[in-house]
Peer 1: 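My questions will all concern the structure given below.
Below, each value reflects all heavy atoms present in this structure, side chains not excepted, and no hydrogens, waters or symmetry copies. Naming convention: chains lettered A, B, ... in sequence-line order (proteins, then strands); numbering from 1 in each chain.
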There are 2 protein chains.
Amino acid sequence: MLREDVTEAIRAAVFEELASVGYARMSIEGIARRAGVGKTAVYRRWRSKLHLVLDLVSAIAVQGLPAPDTGSLEGDLRLLYEVTSRALRHPVASQIIPDLQAEAARNPEIAEALQKALREGQHGVASGIVRAAVERGELREGTDEELALDLVSGPLYWRSVVVRAELDKGYLARLATATAAGLRAL
Amino acid sequence: MLREDVTEAIRAAVFEELASVGYARMSIEGIARRAGVGKTAVYRRWRSKLHLVLDLVSAIAVQGLPAPDTGSLEGDLRLLYEVTSRALRHPVASQIIPDLQAEAARNPEIAEALQKALREGQHGVASGIVRAAVERGELREGTDEELALDLVSGPLYWRSVVVRAELDKGYLARLATATAAGLRAL
DNA sequence: TCACGACGATACGGTTGCGTTCCGACGTGC
DNA sequence: GCACGTCGGAACGCAACCGTATCGTCGTGA
C-alpha cells in the first residue's frame, strides 16, 4: 500500500516546482528532492512528468466553481470577477496557468486537460451567468454565447495575466458594468 | 566583420526553435544546428540565450503597428481586430507569445522587454483608438483608459490564445460592436 | 599578395537529468 | 514473529548541453 502522506508531499512539490521553474524545466529528480522523497516513490506512482501533471490538472478540473446567483447580470459578473481575481492573485496560480497554457500549444494531452478544466471552471460558470440573464430577460434571446463568454472572461485575464497590472479599488465593479453593457448590445 | 547572412540565419533559427520547443528547452546547440552554423558564430554575437531572445523581442517592439483611422470607434476596432487576429493566426506567433509570456513570470528582463513590445504595439494602438473616440465625442470625457484597453484587447486574446477556438465569419464584426457598446458605458 | 578575422567542425571536462536497479531499514497485517 | 512491500539513498550507463579552445579553410581589405 502506497503511503498517502508521501503521495501528498509529491503533489505539493509538483505545484511548487511548476510555479518556480515551469513545466519544461521541471525534473523528476527535482520534484523528489523538494518533496524529500526518493525518485522511486515518484516513479512508483506516475510513469512520467506528463502523467503527473495531467493527473493534477484533472484533479483541479473536477472541483468546479460555485455559480453566482445574485439575481442580476451585473451582480453575477461582479461576484465572478471577485472570485476569479482572488484566485489569479495567488502567485502559484498566476505562474502555473500561463506556463501550462504555453505548454498546451505543443502538447495535445495538456491542451485537452486544460480545455476540460476551463470548461468545467470559468467557462461553465460564465455560461451559467449568461443563460440566467437570458432567461431573466436581461439579455436578448438569440445572444451569441461564444462571443459572450469571450467578453466576460477576456478582459480580466488580459489584465491579470498578460498585462499583470494591479486591480485598483473599484476596477472590478466598473469592469462588470461595462461588460454587462457590452453583452446587452449582442 | 560578422557576416550578415549568418546573423540572419541564426535569428530565423531562434524563432523556429522558440516556436517548436519553447524558451526553456531551447539550446544554443540546437539553434546553431538548425541554422547550419557553428556554436562559435552564435556566441560571437550574443552572450547567452537570454540576450539573444531579448534582442529579438526588442527588434519586434521597435516596429510598431499602423494606427487605424476609419473615423468611427467601431470601424477602428474592427480594423484593429482584423490585423491582430491575422497576426495571431500565424503558428509562430501563437506559439511564441504565450511561451515568452509564461517565461516573463519568472524572468524580469523578459517581462520588461515584453511589456515594452506590448506598449508600443497593441497597447499603443488601442490607446490611440480610444483617445480619438473621446475627441470625436463617441466616448465620455472621463473614460477610464486602463479599463478601456482591457475591454478592447482582452476578448480577442482570450479567444485566440487561451481558448484557441476559431473565429468564424462575422465574429470580429460582432466583437467590435459589443466592445464599442461596452466602452460607451464607461 | 598577404594578413586578418570570421567561418564550420570537433573535442574538451563538467553538469544535469533520464529511467532502472539494488540496498538495508522500517512498519504493518496476518 | 514473519513475510511482504514501501521507504530513502545510492549508483548505474546514457544522453544532451554548457561555455571554451583549437583546428584548417576561406573571403575580403589593405
Peer 1: Students often get this wrong, so: under 4.0 angstrom with heavy atoms, is B:Gly30 touching a base, only sugar-phosphate, or nothing?
Peer 2: nothing
Peer 1: Just checking A:Glu82: does its CD atom have more than 12 heavy atoms from other residues, nucleotides or ligands closer to it than 6.0 angstrom?
Peer 2: yes
Peer 1: Checking A:Tyr171 against B:Asp144 for the side chain to side chain donor-acceptor pair (under 3.5 Å) test, could you report, in this order, the C-alpha distance in whole Å, the side-chain angles of both residues, the deciding distance, and whether it holds?
Peer 2: CA-CA 10 Å; A:Tyr171 175 85; B:Asp144 178 345; over 6 Å; no
Peer 1: Ignoring hydrogens and geometry, is there a side-chain-to-backbone donor-acceptor pair from B:Arg45 to B:Ala41 under 3.5 Å?
Peer 2: yes
Peer 1: In whole angstrom, what separates A:Arg3's CZ from D:dG5's C1'?
Peer 2: 12 Å
Peer 1: Tell me which nucleotide among D:dT20, D:dC17, D:dG9 gets nearest to the side chain of B:Tyr43.
Peer 2: D:dT20
Peer 1: Rounding to an integer number of Å, can you tell me how far B:Asp5 CG sits from D:dG27 P?
Peer 2: 12 Å
Peer 1: Between P on D:dA16 and CD on B:Glu17, what's the gap in Å once rounded to a whole number?
Peer 2: 14 Å
Peer 1: Can you pull the contact range of chain B along DNA chain C, 5' to 3', using atoms under 4.0 angstrom from its heavy atoms?
Peer 2: C:dA6 to C:dA9
Peer 1: Looking at residues 45-59 of chain A, who's got a heavy atom less than 4.0 Å off DNA chain C?
Peer 2: none
Peer 1: Specify the separation, in whole Å, of atom CD1 of A:Ile31 and atom C1' of D:dG8.
Peer 2: 17 Å
Peer 1: Side chain of A:Arg140, backbone of A:Leu186: donor and acceptor closer than 3.5 Å?
Peer 2: yes
Peer 1: Starting at NZ of B:Lys39 and ending at C1' of D:dA16, how long is that distance when rounded to a whole Å?
Peer 2: 11 Å
Peer 1: Taking the side chain from A:Glu138 and the backbone from A:Leu73, do they hold a donor-acceptor pair closer than 3.5 Å?
Peer 2: yes
Peer 1: Between B:Glu4 and A:Arg33, who's closer to the 5' end of DNA chain C by nearest nucleotide?
Peer 2: B:Glu4
Peer 1: Charged N to carboxylate O under 4.0 angstrom, A:Glu17 versus A:Arg25?
Peer 2: no
Peer 1: Which parts of residues 19-26 of chain A get close to DNA chain C, meaning a heavy atom less than 4.0 angstrom away?
Peer 2: none
Peer 1: Do B:Tyr81 and B:Val83 belong to the same hydrophobic cluster, where Ile, Leu, Val, Met, Phe, Trp and Tyr are linked whenever their side-chain heavy atoms lie under 4.5 Å apart, directly or via other members?
Peer 2: no
Peer 1: Tell me if the NZ atom of A:Lys116 is crowded by more than 12 foreign heavy atoms within 6.0 Å.
Peer 2: no
Peer 1: For B:Arg119 and B:His123, does a side-chain donor sit closer than 3.5 Å to a side-chain acceptor?
Peer 2: no
Peer 1: Is there a donor-acceptor pair closer than 3.5 Å between any side-chain N or O of A:Gln115 and the backbone N or O of B:Val163?
Peer 2: yes
Peer 1: Indicate if A:Trp158 and A:Leu167 have the same hydrophobic cluster label, given that clusters are the connected sets of ILVMFWY residues with side-chain heavy-atom separations under 4.5 angstrom.
Peer 2: no
